[in-house]
Student: 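So that we are looking at the same thing, I have put the structure below in structure tokens.
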Amino acid sequence: FGEESMVRIIRWLEKQKIPLDSSVLDIGTGNGVLLIELAKSGYTDLTGIDYSPSAIQLSEKVKEKEGMSNIKFKVEDFLAPSAELSGFEICIDKGTFDAISLNPDNAVGKRKQYTRSLSSVLKPEGFFLITSCNWTKEELLNEFREGFEILEELPTPKFCFGGRIGNSVTALVFQRK
């Protein structure tokens, strides 16, 4: 998703005047760069999880290189979150839901478990920002209809093909009910 996706997320948080001490969870953090950028923007309570130990090792190295001590990285399977993974005010997903959805082994069940996990880690009234390249707005609204309400669709690049206009990426903000 790249830099454009990170900028879109950070701009939304700033526009909403989300307090800098809000607890943020990056689901499927990968190299942790989104959290590095959030830390540079002043956010202080940052956690990144990934099921891949090598991704967490990489994000730790990036964190050290950038001198960001206020970011926590953990090896966690979001579909089976530990009890300590709870109470977040903001959860961010850039492609993790997409990856889970592509799992050939019970993708529907894994998507339902993702929604249950999200409900357990995100505080009521908390915000969920999702960026997807596999799902349309309507499909994501359907996936997260139980327990979440749409707040906003974030602008993403548009393209035209065959006389129809579409988006290559969908970015939505939900609020937990």
Student: Using every non-hydrogen atom in the two residues, find where E76 and P81 come nearest and quote the distance to one decimal.
Tutor: OE1-CA, 3.7 Å
Student: Would you compute the distance between atom CG of N134 and atom CG of L140 and round it to the nearest 0.5 angstrom?
Tutor: 9.5 Å
Student: Does Q175 reach the main-chain N or O of E125 with its side chain, forming a donor-acceptor pair under 3.5 Å?
Tutor: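 Yes: the side chain of Q175 pairs with the backbone of E125.
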Student: Between D93 and I27 (side chain of the first, backbone of the second, donor and acceptor by atom type, cut-off under 3.5 Å), is there such a pair?
Tutor: no
Student: To the nearest 0.5 Å, tell me how far E3 CD sits from E37 CD.
Tutor: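 Those atoms lie 7.0 Å apart.
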Student: Heavy-atom count check: over 12 atoms from other residues, nucleotides or ligands less than 6.0 Å from R116 CZ?
Tutor: yes
Student: Heavy-atom count check: over 12 atoms from other residues, nucleotides or ligands less than 6.0 Å from K74 NZ?
Tutor: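 Result for NZ/K74: enclosed.
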Student: Over all heavy atoms of both residues, which pair between R8 and P155 is shortest? Give the atoms and the distance, please.
Tutor: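 Nearest heavy atoms, R8 then P155: NE-O, 3.0 Å.
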Student: Check for me whether the distance between the ring centres of Y114 and F78 falls short of 6.0 Å.
Tutor: yes
Student: If you look at every heavy atom in A83 and S86, which pair is closest and at what distance?
Tutor: O-OG, 3.7 Å
Student: Spell out, yes or no, whether I90 and L20 are grouped together once hydrophobic residues are joined by side-chain heavy atoms under 4.5 Å, including indirect joins.
Tutor: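 Linked within one cluster.
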Student: If you measure from CD1 on I92 to CG on L13, what distance do you get to the nearest 0.5 Å?
Tutor: 5.5 Å
Student: Please report the interatomic distance CD1(I56) to OG1(T29), rounded to the nearest 0.5 Å.
Tutor: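 Between I56 CD1 and T29 OG1, I get 6.0 Å after rounding to 0.5 Å.
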Student: Would you compute the distance between atom OG of S101 and atom CD of E143 and round it to the nearest 0.5 angstrom?
Tutor: 6.5 Å
Student: So, K177 side chain and E149 main chain: donor-acceptor pair closer than 3.5 Å or not?
Tutor: no
Student: Which is it for Y43 and I18 under the side-chain contact (heavy atoms from CB on, under 4.5 Å) test, yes or no, and what are the steps along the way?
Tutor: CA-CA 9 Å; Y43 290 88; I18 302 295; 4.1 Å; yes
Student: Just jot down the ring pair (Phe, Tyr, Trp, His ring centres under 6.0 Å) partners of F88, sequence neighbours excluded, or say none.
Tutor: none
Student: Decide if the gap between the ring center of F144 and the ring center of F97 is smaller than 6.0 angstrom.
Tutor: yes
Student: If you group Ile, Leu, Val, Met, Phe, Trp and Tyr by side-chain heavy-atom gaps below 4.5 Å, do L129 and L141 land in one group?
Tutor: no
Student: Q16 versus W12: any side-chain heavy-atom pair under 4.5 Å?
Tutor: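 Yes. Closest side-chain heavy atoms under 4.5 Å.
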Student: Assigning hydrophobic clusters by single linkage (Ile, Leu, Val, Met, Phe, Trp, Tyr; side-chain heavy-atom cutoff under 4.5 Å), is F127 placed with L172?
Tutor: no
Student: If the plane angle is over 60° it's perpendicular, under 30° parallel, otherwise tilted; pick one for F128 and F148.
Tutor: tilted
Student: To the nearest 0.5 Å, what is the distance between CG on L25 and NZ on K72?
Tutor: 10.0 Å
Student: Determine the minimum heavy-atom distance between S59 and G30, stating which atoms define it.
Tutor: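 Looking at all heavy atoms of both residues, the shortest contact is CB-O, 3.7 Å.
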Student: Answer yes or no: is there a side-chain heavy-atom contact under 4.5 Å between V121 and C91?
Tutor: yes
Student: Is L151 reachable from F174 through a run of I, L, V, M, F, W or Y residues, each pair having side-chain heavy atoms under 4.5 Å apart?
Tutor: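 The answer is no; the residues belong to distinct hydrophobic clusters.
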Student: Are the side chain of T170 and the backbone N or O of W135 linked by a donor-acceptor pair below 3.5 Å?
Tutor: yes
Student: Is the shortest side-chain N to carboxylate O distance from K63 to E60 below 4.0 Å?
Tutor: yes
Student: What's the shortest heavy-atom distance between A39 and N70, and which atoms?
Tutor: CB-OD1, 4.1 Å
Student: Taking atom types as modelled, find out whether D21 and T44 have a side-chain donor-acceptor pair closer than 3.5 angstrom.
Tutor: no
Student: Would you mind reporting whether V24 and D45 have side-chain heavy atoms less than 4.5 Å apart?
Tutor: no
Student: Short question: side chain of S23, backbone of E89 - any donor-acceptor pair under 3.5 Å?
Tutor: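 At least one qualifying donor-acceptor pair exists.
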Student: With no hydrogens and no angle check, is any side-chain donor or acceptor of E152 less than 3.5 Å from a backbone partner on V173?
Tutor: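 Looks like no, no N/O pair under 3.5 Å.
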Student: Between E146 and T115, is the side-chain contact (heavy atoms from CB on, under 4.5 Å) condition met? List the steps.
Tutor: CA-CA 8 Å; E146 289 176 32; T115 305; 5.6 Å; no
Student: In the single-linkage hydrophobic clustering (I, L, V, M, F, W, Y; side-chain heavy atoms under 4.5 Å), do L85 and L38 co-cluster?
Tutor: no
Student: Quick one: closest heavy-atom pair of L46 and L35, and the distance?
Tutor: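 What the structure gives for the nearest pair is CD1-O, 3.5 Å.
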